[in-house]
Every structure is written in C-alpha cells, then in structure tokens.
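Everything on this sheet refers to the single structure shown next.
Chain A is the first sequence line, chain B the second, and so forth, proteins listed ahead of strands; every chain is numbered from 1. Because only heavy atoms are used, hydrogens play no part in the values below, and waters and symmetry mates are left out as well, while side chains stay in.
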2 protein chains.
Amino acid sequence: MAESVAGRVFSVLDAFVDAPVTLRLTEIARRTGLPVPTALRMVRELVAWGGLERGADGSYRLGTRIRTLGAAAPCPRGLLDTALPALRALTARTGGHADVVIPAGGTALCLVTGARLPPHATAAGKVLLAHGLLTVPAAAARHTPRTRTAPGPLAAQLARVRASGLAEAHEEYHLGELSFAAPVFRAGTLVAAVSLTAPTTAHSPRLAPAVRRTAATVSRALDGQG
Amino acid sequence: MAESVAGRVFSVLDAFVDAPVTLRLTEIARRTGLPVPTALRMVRELVAWGGLERGADGSYRLGTRIRTLGAAAPCPRGLLDTALPALRALTARTGGHADVVIPAGGTALCLVTGARLPPHATAAGKVLLAHGLLTVPAAAARHTPRTRTAPGPLAAQLARVRASGLAEAHEEYHLGELSFAAPVFRAGTLVAAVSLTAPTTAHSPRLAPAVRRTAATVSRALDGQG
DNA sequence: GCCCGCGTTTTCGCTCAGTGAAAGCCGGAC
DNA sequence: GTCCGGCTTTCACTGAGCGAAAACGCGGGC
C-alpha cells in the first residue's frame, strides 16, 4: 500500500486513527515507516490542502477538510437519517438508549452519540466482529469482571451471534448495564448494527425481539431507498 | 494545487463536496480538470485505500475510510461530546432543534445533523461570519423573500451580532422557521456556535436567553477540560 | 559562555513512478 | 450491422518525488 505517492499520503492520514489527537513529525514518520523528509513532504501537502492542521507547538492534527469530507460521506449520514425514526420508536418502547453503530477506525462508532465502543465488550461490537467488519483488538481490555477476553469463548460466542442474528453483553463494558444488538443489512451485506443499552434492571426478555425487529425495519428502509 | 500527485488526489476528494452523492468517472475528470486516465488512477488508489467506494453501477462515492477519519478529527468530536448534554437540555426546554455549528469548507456545518447551512441566511452562520470564521459567499443565494443578500445591511447586522453575542434569522432560510445562535469560545477564541431552530409560532422572547445560556455553558465546559 | 543531542528542515543528483495521447474494448441506441 | 460515449489498457517519455546527508535551531547541562 505504501508503494505510491497516494499510498504514502493515505498512510500519513491513517497514522492519526487510534492515536493521540496530535502527532509530531517524527512520530508520524515512525508510525508510517516513512523516512522523515518524505513524511515532511506528505504532511506539508496535507496541511496546504487542509487535511491536516499545524498546531502552535509544531504538532499536527487532522484538519477541517477531513471533517468536511467525513460529513459529506453519504452512507452513514443516510444511514442515520433512515434509522432515526425506528431508533426513536425503540427508545420510546423500551426506555433504553438506542443507537446505530458502524465500524470505524478499528472500533465501533455510535452514529447518534458519536461514542466509540470496544468491539469485544459490547453487543454492537460483537455483531460487527461476528461478520468480519471489525477484528478483536490485540490486547482486549477487561472493562469489568464480566468482560470476556479469552479468544476461545469469544469465538464461540461470535459464531452464536452469526447464527442467531442477535448479540448481547451483560455488564461487560459497564457494571449495571446490559446491551443487545442486531445486524443491519443494505443490499444483503452487513453495514451496521442496531444496539440498545439499558440498566440491568430492565425486563430483558422483551428487549431482544424489539432490537431484532428494529434492525429489520432499518434494513428494509435502506433497501427501499436504493 | 493540482500540480502534484497529492494535489490531484485531493482534488478528486474535493470533487465530492457540494456534489451529488455519487459521481461517475467522467464527471470526476470534468470537475477536477484531470485527464480521464489520470482520474481513473487516482480513483483506483482511493478505492483501494477505502477513501472511495465503487457502487454496483460503477459510480463512486466517499467511503468508510473518510468517515473514520472524519470521526477521528479531534476538535469537533470533542466539541460535540461536550456540547451534547447542554444541547439536549436546550431541546427539552424549548422544543426546537438545538445544534452546534462549526465552519467547514466555506459553509456552516451542523455537528449533530451533519447538515450544511448557508452562512448569510442562518443565525449560526451569522455568528461565524461575524467573527471571521467564514466569509460571505460571492453569490449569496436568496432562499426566501426574507433572505438578506445586500452587503451593507448584512455588515451592519454582523456588527450587531458581535456586540450582542446573539444572532437571529427569521424565515431567511426556510419559511415558517426562525433560528437563534450564540458564540461558543474555547480558551477565549470563538470555535463554534450553538443554534436553535424552531417554528415561527414558538414564543421567541424565551428562546434567545436560553440559547445564550447554553452557549455559555458549552464554553465553560470546553475550558474546564483543558 | 560553550558544547551536545534531538527534532526539524533544506540540498541535490538519481531514477523510476506517474503521465496522458492514442488505441482498444464494451454495451447500448438506432 | 454501424455509430457513439464512456471505461480501460498500453507504452515510451520525463520530471516529480526520493532519501542520504548535511545544515539548522533550540533547549539543557555544565
């Protein structure tokens, strides 16, 4: 991938995913494996364009141009718009927090709240993992005593998720919180997950089918709009 | 700008701003001024990276990688996270739609909805204009009979916005809709605007102070977190 | 003051990645 | 069948990009 000018530019941008918000030139060179002068040239072009910004201290951060483009990217915007009514209905019916979640930068990104979730410890993350849209992080963090980090049981659970079309997580991310998630398809391929988070005191047998139905509704709406 | 490989890549991406969601190769070449084979090569590299996606019909759209990066862009993400509670409270109290708006790509970008607003016809846009974060577009479009397009009155209004710390727009963008906006500062410099949009039937005297208070709350929250 | 070390920036000659006109290909209209 | 428009491939030329090395700038130790 790094064997063309374009590839080098991309790798510089990629260096900012899963990284501190600001990076110094040397750090960018290290992360991309590029020689420092080369990294400098890439970075300069990016700054001139607006894809990167240079801080007062000389460090670099992602710039407004990237943000503009990200906001113009159609799929998730359309996805959120399409999903919102169904999500609101789900919230109203269950009282939990409903969200639609996509893979982004190695983590699960909630489109409504903008939060990033650890894939292995949340229901939505497990849906995305189960279908290969995310991969289990090398060091899967243990967020609570109930977080599953061992590869074996996790893989078995993912197989069940694939088979059943439903994922759940009981206090694996935050204590006192459970979540359900179901896959959303566009034109037959998985693009996101609908997730519902609620206190563990909620009556869970009623939640799972509701999440599944909502995900199906969103999928149908996506296909309906071409 | 188009005189380097990187510049060409960027111009391809820029072609998708203010454009239909999908573009065909020929259209990209036309918009960028690139020869078709060159455009094809750029586009292919972008697709390989994930910055563009190719639709079933052969057309191109912005891809997930761009979205990932946009979500990783630090300032607005943090901004949105910090502002959300206050925005929700504002919505709850007034019934209107509350948003936080930043300058991006020459227009006002709503972080919650992702919508782009014309600077001169919306309250949030006027706040950003008044403080020089945006400039009045060369051809200021007239969206409704009440849109102000004449430079003189507009400049006077911007001066008032600066002085009062509050902007408003009455049916200047959409009929039946009014909006208020107030500036958000981080470390003393203006970074965004809080805006509230409501039907003209809303009781406006109560809205303006609420917007002002919300903006102040967000500013304080931003400064509190370093 | 001086020197050292680290990060950043500039220089410069080589070379191969990128270029784009032209030709080929495919599919749809007539 | 022929034409036409858009997409893709070919190919020989060339200058944009490369990166080792050198220069610069700055803080910190002494």
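- At a threshold of 4.5 Å between non-hydrogen side-chain atoms, the residues B:Ser179 and B:Leu196 do not count as touching.
- In this model, the phosphate group of C:dG18 is not approached by any side-chain N or O of A:Arg8 to a distance below 4.0 Å at OP1 or OP2.
- No contact: A:Arg30 has no heavy atom under 4.0 Å from any strand.
- Taking atom CE of B:Met42 as the reference point, atom C1' of D:dA16 lies 12 Å away to the nearest angstrom.
- B:Arg41 comes within 4.0 angstrom of a nucleotide base, judged by non-hydrogen atoms across all strands.
- The nearest whole Å value for the distance from the CG atom in A:Leu25 to the C1' atom in D:dG25 is 15 Å.
- Atom CZ in B:Arg44 sits about 15 Å away from atom C1' in C:dT19, given to the nearest Å.
- Rounded to a whole Å, the CG atom of B:Leu40 is 14 Å from the P atom of C:dG18.
- Atom CE in B:Met42 sits 12.0 Å away from atom CD1 in B:Ile28 (nearest 0.5 Å).
- Residue contacts shown for B:Pro35 are limited to sugar-phosphate atoms, with no base heavy atom under 4.0 Å away.
- Under a 4.0 Å N-O distance rule, the pair A:Asp14/A:Arg31 does not qualify as a salt bridge.
- Following rounding to the nearest Å, B:Glu45 (CD) and C:dG18 (P) show an atom-to-atom distance of 6 Å.
- Side-chain atoms of B:Arg24 lie closest to D:dG6 of the nucleotides D:dT9, C:dT9, D:dG6.
- Regarding contacts with the backbone of C:dG20, a side-chain N or O of B:Thr38 is found under 4.0 angstrom from either OP1 or OP2.
- Side-chain atoms of B:His120 and B:Lys126, non-hydrogen and from C-beta on, never get closer than 4.5 Å to each other.
- When the nucleotides C:dT9, C:dG20, D:dG17 are ranked by their closest atom to the side chain of A:Arg54, C:dT9 comes out on top.
- Picking from C:dG18, C:dA22, C:dT9 the nucleotide with the shortest atom distance to the side chain of B:Val5 gives C:dG18.
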